[in-house]
Colleague: 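What follows is a single structure, and I will ask about it in a moment.
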Amino acid sequence: MYRTHSNGELRLENVGQEVTLAGWVQKSRDKGFMIWVDLRDRYGITQLIFDEDRTPKEMVEKAKTLGREFVIQVTGEVIERVSKNKNIPTGEVEILVKKLTVLNASLVPPFTIEDETDGGDELRMKYRYLDIRRNPVKNNLIFRSKVAIETRKYLSDQDFIEVETPVLIKSTPEGARDFVVPSRMNEGQFYALPQSPQTFKQLLMIGGMDKYFQIVKCFRDEDLRADRQPEFTQIDCEMAFVEQEDILNTFEGLTRHLLKVVNGVEVAEFPRMTYDEAMKKYGNDKPDIRFGMEFGELNEVAKHKEFGVFNNAELVVGIAVPGGNAYTRKEIDKLIEWVKRPQVGALGMVYSRCNEDGSFKSSVDKFYDQEDLAKWAEVTRAKSGDLICVLSGNADKVRAQLSALRMELATRLGLRDPKVFAPLWVVDFPLLEWDEETERYHAMHHPFTSPKPEDMALLDTDPGKVRANAYDLVLNGNEIGGGSIRIHDKAKQALMLGHLGFTPEQAKEQFGFLMNAFEYGAPPHGGIAFGLDRLVAILGGQETIRDFIAFPKNNSGRDIMIDAPSKIDDEQLKELNLKLDL
Ligand code: ASP
C-alpha cells in the first residue's frame, strides 16, 4: 500500500499512529538539526518532521536532498505539533518520519506551485500539469466535476437517458465554421466534427428515447473572441411530447438544483422576458438583472427641440447611473471617450446631472430646460444624485452601445456581485436574422427551430417579424443555455430551409436524413443545450471559462502544451490523398 492516509486527513485523534503518506514536496525548511517538509496531495498538506535525535541518520541525510515537487513516500508516527497552524485542517499534527523513499525527483518547476503564482498565462498552459497542482485550478476542476455529477443525478432522476452521439459526422448548422476530418477510406471526402449533436438528438426523439441528455464535446471553428474555446462542452438535452413550457420548467428545475447543491443558494421562480423587452430595457438579449439601470427611451421627451443630433436619430435612449452626479467633469469626459472607443462605437454622449436640490445640469442646456430634463429623469427613473447618460442613433446600434456602457458602469460600481445569482428566461426570439454580409436571412437559433404558429403567415410577408419557439437561459448577463421547440414535419422543414436560401437539392443533400426521418412518425419535440464551461465558471463566481477546463487552448486555438495543431508528415498526407497549397 502506497499510503495509509491522504495528506488532508490526519488530526489530533491520530496521534500515536504509524502512518504512510505519499505526495509532493511543497517546501522544506532545513534548520540543521531538524528538517520540516510540507507534503502535498490533492487533499491537503501534512507537515513532516525529520529530527536528528529521533529519525534514522540516513533518512535525515536523504531529506536534505529533497527539492520542490519531488515525489516521496514517508512512514512515521503522528505526533502533536508544538506550534500549531490553525490555518490548515492538519495543522495540529506532524509526522515524525522514520522512513523516507524518494519515488521520483523533480526539476525545479518553472513557476511556483502556490495559490498566487509567479507564472504567466502561457507558461502555466505549457506546463498545465503543474498548474493543475495549484489549489485554484485544482478546486475549479473538482467544482466542475461536482456540477457534472449533480447534472447527471438530477436528469437521470427525471428519467433522462444519457446517449453518446458520434463525433465524426456531417456538418451541423449551428452557424459557425466546421472543423473537418479527412477520410482515408473515402477518398476526397471529409467528416465534420459536431458543432452540437442537434440532428442526432432529434433523431433520438424519433427513435423513441423520449428524454435524452449528454455531457458532450462540441467543436466550432470560430475566430476566438475573448473567452471562447474551439472545443467546449454542452449539457445537451432533448425531450419528446413537450411544449416550450415543459422544457422551461424542467431546466429551471435543473438550474435551481445546481444552485442549491453546488452554491447553497435558493432562487425564486425565474422571471421570463421576451426578446423584445430585453432589447428595449437592456439593449441586450442576455441582460444582467442583478442590478437596475434599465433603459429609458427618450424619443418623446427629447425630439421636440432644436437639437439636430437627437432629431435625426432613430432612437434616443438613456440610463440613470446611481450616484453618478458625483463624477467630476473629467471623469465624465473619460466616460464619453470610453463610449467613443471603436469597440463601443458611439458618436458621443449627452448627459444630465441630477443635483441634490432637484435641479438638473446637462451638456445640452442650450436646447433643453429644467422641465425637459425632469422628464428625462422621470423616464430613466433617475433620482437626485444620479447621472443620466444618453446615447442616440440607429436603434440597434445605440442599444448595443448603451448596453456596453451599462455593464461597464455596473462593474465599476460593484453591482455585479458574483455571489448573487439572477437567472431569467428570455423567450420569443426572432426566428430569422438579417445578415448584412450575405444579404439574406439566417436562422437566429438553427434551421430546425419551429416558428410560432401564429406568426407563420408573416414568413412570406415580413420574415424578420416571425417569432420562434426559442428560449435562452440567462444567468448574470451570460447566456448559459439555449434551445427551441423543433419542427417535426417534413413539409414545414422544407419550407423553412427554403426561406433560409437552400435549394430543394441542397436541403436534401444536407438534411435529407432528418427530413426522411420526419416521415416515419416524428413526435413533437424540443430541447436545450447548456454551455457547461460557462455555467461552471459563473457558478464558481468567475468569468473565464479557461480556468475551469483541464487542458484549454490559447487565444489562437493552440494547445501549447502538446503543440497542436501541428504539421503531419508527407506519408500521412499521401494516405489521405491530400496536397497542401500554402
Ligand atoms: N443545438 C443547440 C445549440 O447548440 C441547442 C438546442 O437547440 O438544443 O445551441
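For ligands, and for the atoms within them, numbers begin at 1 and follow the listed sequence.
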Colleague: Please, which pairs that meet salt bridge (charged side-chain N to carboxylate O under 4.0 Å, His left out) have at least one residue in residues 521-533, sequence neighbours excluded?
Modeller: Arg144-Asp533
Colleague: Using ring-ring contact (aromatic ring centres under 6.0 Å, His included) as the criterion, list what pairs up with Trp338, not counting sequence neighbours.
Modeller: none
Colleague: Under 4.0 Å between a Lys/Arg side-chain N and an Asp/Glu carboxylate O for Asp559 and Arg128?
Modeller: no
Colleague: Filter on side-chain hydrogen bond (donor to acceptor under 3.5 Å, both in side chains), then keep only pairs touching residues 287-297, sequence neighbours left out; what's left?
Modeller: Lys280-Glu297, Tyr282-Glu294, Asp288-Arg290, Asp288-Arg416, Glu297-Arg399
Colleague: How about Asp563 and Ser566: does a side-chain donor come under 3.5 Å of a side-chain acceptor?
Modeller: no
Colleague: With no hydrogens and no angle check, just 3.5 Å: does a side-chain donor-acceptor pair link Thr165 and Gln214?
Modeller: yes
Colleague: Might you list the protein residues in contact with ligand 1, defined as having a heavy atom under 4.0 Å from one of its atoms, sorted by chain and number?
Modeller: Glu174, Ser196, Gln198, Lys201, Arg220, Gln234, His445, His446, Gly482, Gly483, Arg486, Gly527, Ile528, Ala529
